[in-house]
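Report on the structure given below.
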Amino acid sequence: MPAVRDRMRQVRNRWIDQTLLRLEQARRQLEQGEGDILLLGDSSCLYWAHADTDRTLIPELLAERTGASIVTVAGGGYDARMHDALLRVLGMADNRPRAVLACLAIRPNTATHVREHPLHGHGRTRAALARISPPLRRVRAFANGGSAAPKREVAEFRARTVTTRWGGTATLGERLAKVEGLGPPPWPTEVEQMRFDYFHGQPVHDDNPGLADLTAFGRRLDEYGVPAVVCWSQVPVAHGERLFPGEFETAIEHDLGLVEQALCQGSTRLDGLLKPVLEDTDFQDYRNGIEHYSYSGRVKVADEMAKALAALGV
């Protein structure tokens with residue numbers, strides 16, 4: 001049955017672009033005056049931990065804390081390019097929310113394994129978004145982009161060469177072959193190190209193309225014309241530091257500093273990223289290296305988001 005569901009999902013996604021579907025829902029909500037806060041999310045807004053007894057997600061937690069109606073457009077791998085493209089389209093409409101809240105992780109913006117991924121890089125979707133022009137009446141999701149990747153693109157992606165801090169130079173396929181199919185944790189320490197290096201080991205340099213994308217998104221936030229908050233979707237830094245003592249935290253701070261600087265360079269409305277303080281237990285599983293939260297983590301993130309919005313008078 002899981003294989004059948006996967007096949008059905010692939011067929012659906014080949015014809016119906018899920019991002020465009022969510023965007024049309026958001027457009028209608030805003031047009032009808034049903035949206036107080038526009039949340040441009042990433043996968044941190046979509047997942048819970050298997051151990052959670054309460055699986056309430058960040059958008060719902062934020063609504064509980066603010067009493068506001070939340071319009072959410074979120075997806076795995078969403079980066080500044082995607083948020084910029086979504087906001088450009090929504091900016092064609094007259095109605096505005098009271099504020100925009102965006103979630104951004106480092107690696108979707110700067111790392112090859114996400115930016116150039118045939119699915120998670122969302123190239124087809126962004127191309128479809130770029131073809132939308134005013135007046136904005138309806139966003140068509142059927143046969144307009146698609147969220148499926150041909151095998152050829154997957155093979156080309158896996159053949160890409162990347163140099164990381166701790167793993168040296170290798171193709172993405174060579175790196176993935178060492179960590180795929182291992183099942184859930186616990187894993188040997190060397191497997192955790194390979195995962196953290198794959199996800200977070202590619203250094204961010206001043207010429208990373210993602211930095212220009214972040215600056216462009218900052219400008220787009222200004223153009224949209226409402227108060228804005230951008231929250232950092234965090235990695236399990238403490239565990240990364242245990243895996244790479246004296247190195248991991250410094251590396252993340254360096255990369256995050258460039259990301260934050262680039263974003264704020266484009267915006268007069270932002271003075272930095274929102275950075276909730278999270279512990280190991282606040283992550284879905286701190287050993288997997290992914291920016292997903294447990295219930296306690298989602299509560300902390302939603303609390304900080306609500307405080308930031310209140311500080312802006314929203």
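These figures come from a predicted structure and were not determined experimentally.
- Within the cation-pi definition used here (under 6.0 Å to the ring centroid, within 45° of the axis), Arg242 qualifies as a partner of Tyr286.
- Glu174 has no carboxylate O lying under 4.0 Å from a charged side-chain N of Lys178, or vice versa, which leaves the two without a salt bridge.
- Checked for salt-bridge contact, Arg219 and Glu223 miss the test: no charged N lies under 4.0 Å from a carboxylate O.
- Taking 4.0 Å as the cut-off between side-chain N and carboxylate O, Glu116 and Arg160 count as a salt-bridged pair.
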Which is it for Asp36 and Thr66 under the side chain to side chain contact (heavy atoms under 4.5 Å, CB included) test, yes or no, and what are the steps along the way? CA-CA 10 Å; Asp36 296 319; Thr66 60; over 6 Å; no
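- Although no hydrogens or angles enter the test, the distance criterion places no donor-acceptor pair under 3.5 Å between the side chain of Glu192 and the main chain of Leu243.
- Of the possible polar contacts, one joining the Tyr293 side chain to the Gln234 backbone as a donor-acceptor pair under 3.5 Å is found.
- Separating the CG atom in Leu39 from the CD1 atom in Ile58 is a distance of 8.0 Å, to the nearest 0.5 Å.
- Between Val301 and Cys231, the closest side-chain pair of non-hydrogen atoms falls below 4.5 Å.
- Taken to the nearest 0.5 Å, the CG atom of Leu129 stands 5.5 Å off from the CG atom of Leu20.
- The shortest distance between side-chain heavy atoms of Met305 and Val229 does not fall below 4.5 Å.
- Of the candidates Glu304, Glu260, Glu253, Lys275 forms a salt bridge (charged side-chain N to carboxylate O under 4.0 Å, His left out) with just one, namely Glu260.
- Within the 3.5 Å criterion, the main-chain N or O of Thr163 finds no donor-acceptor partner in the side chain of Thr169.
- A distance-only check finds a donor-acceptor pair linking the side chain of Arg27 to the backbone of Arg137 [under 3.5 Å].
- Around the OH atom of Tyr224, the shell of radius 6.0 Å holds more than 12 heavy atoms that belong to other residues, nucleotides or ligands.
- Of the possible polar contacts, one joining the Arg88 side chain to the Ile132 backbone as a donor-acceptor pair under 3.5 Å is found.
- Using a 4.5 Å cut-off on side-chain heavy atoms (C-beta onward), Arg22 and Thr19 make contact.
- Across all non-hydrogen atoms, the minimal contact from Met82 to Asp79 is N-OD1, 3.0 Å.
- In this structure, Asp197 pairs ionically with Arg175, as a charged nitrogen and a carboxylate oxygen lie closer than 4.0 Å.
- When atom types are taken as modelled, the side chain of His120 and the backbone of His113 share no donor-acceptor pair closer than 3.5 angstrom.
- Between Glu24 and Arg28 there is a salt bridge, with a side-chain nitrogen of the basic residue lying less than 4.0 Å from a carboxylate oxygen of the acidic one.
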Please test Arg220 against Leu86 for side chain to side chain contact (heavy atoms under 4.5 Å, CB included), starting from the C-alpha separation and ending with a verdict. CA-CA 10 Å; Arg220 184 74 65 187; Leu86 293 167; over 6 Å; no
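- Side-chain N or O atoms of His200 include one that pairs as donor or acceptor with a backbone N or O of Gly289 at under 3.5 Å.
- Although no hydrogens or angles enter the test, the distance criterion places a donor-acceptor pair under 3.5 Å between the side chain of Glu241 and the main chain of Gly246.
- Side-chain contact annotation: Thr110 with Asn208, donor-acceptor N/O pair under 3.5 Å absent.
- In terms of modelled atom types and a separation under 3.5 Å, the side chain of Arg287 and the main chain of Trp187 share no donor-acceptor contact.
- Looking only at distances, a side-chain donor or acceptor of Gln18 sits under 3.5 Å from a matching main-chain atom of Ile16.
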As a quick check of understanding, evaluate side chain to side chain contact (heavy atoms under 4.5 Å, CB included) for Ile106 and Val235, giving each step before the final call. CA-CA 9 Å; Ile106 297 172; Val235 308; 5.7 Å; no
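- Donor-acceptor pairing under 3.5 Å is recorded for the side chains of Asp222 and Ser267.
- Taking CG from Leu176 and OH from Tyr198, the interatomic distance works out to 3.5 Å, rounded to the nearest 0.5 Å.
- If you look at Phe248 and Phe196, their ring centroids are closer than 6.0 Å.
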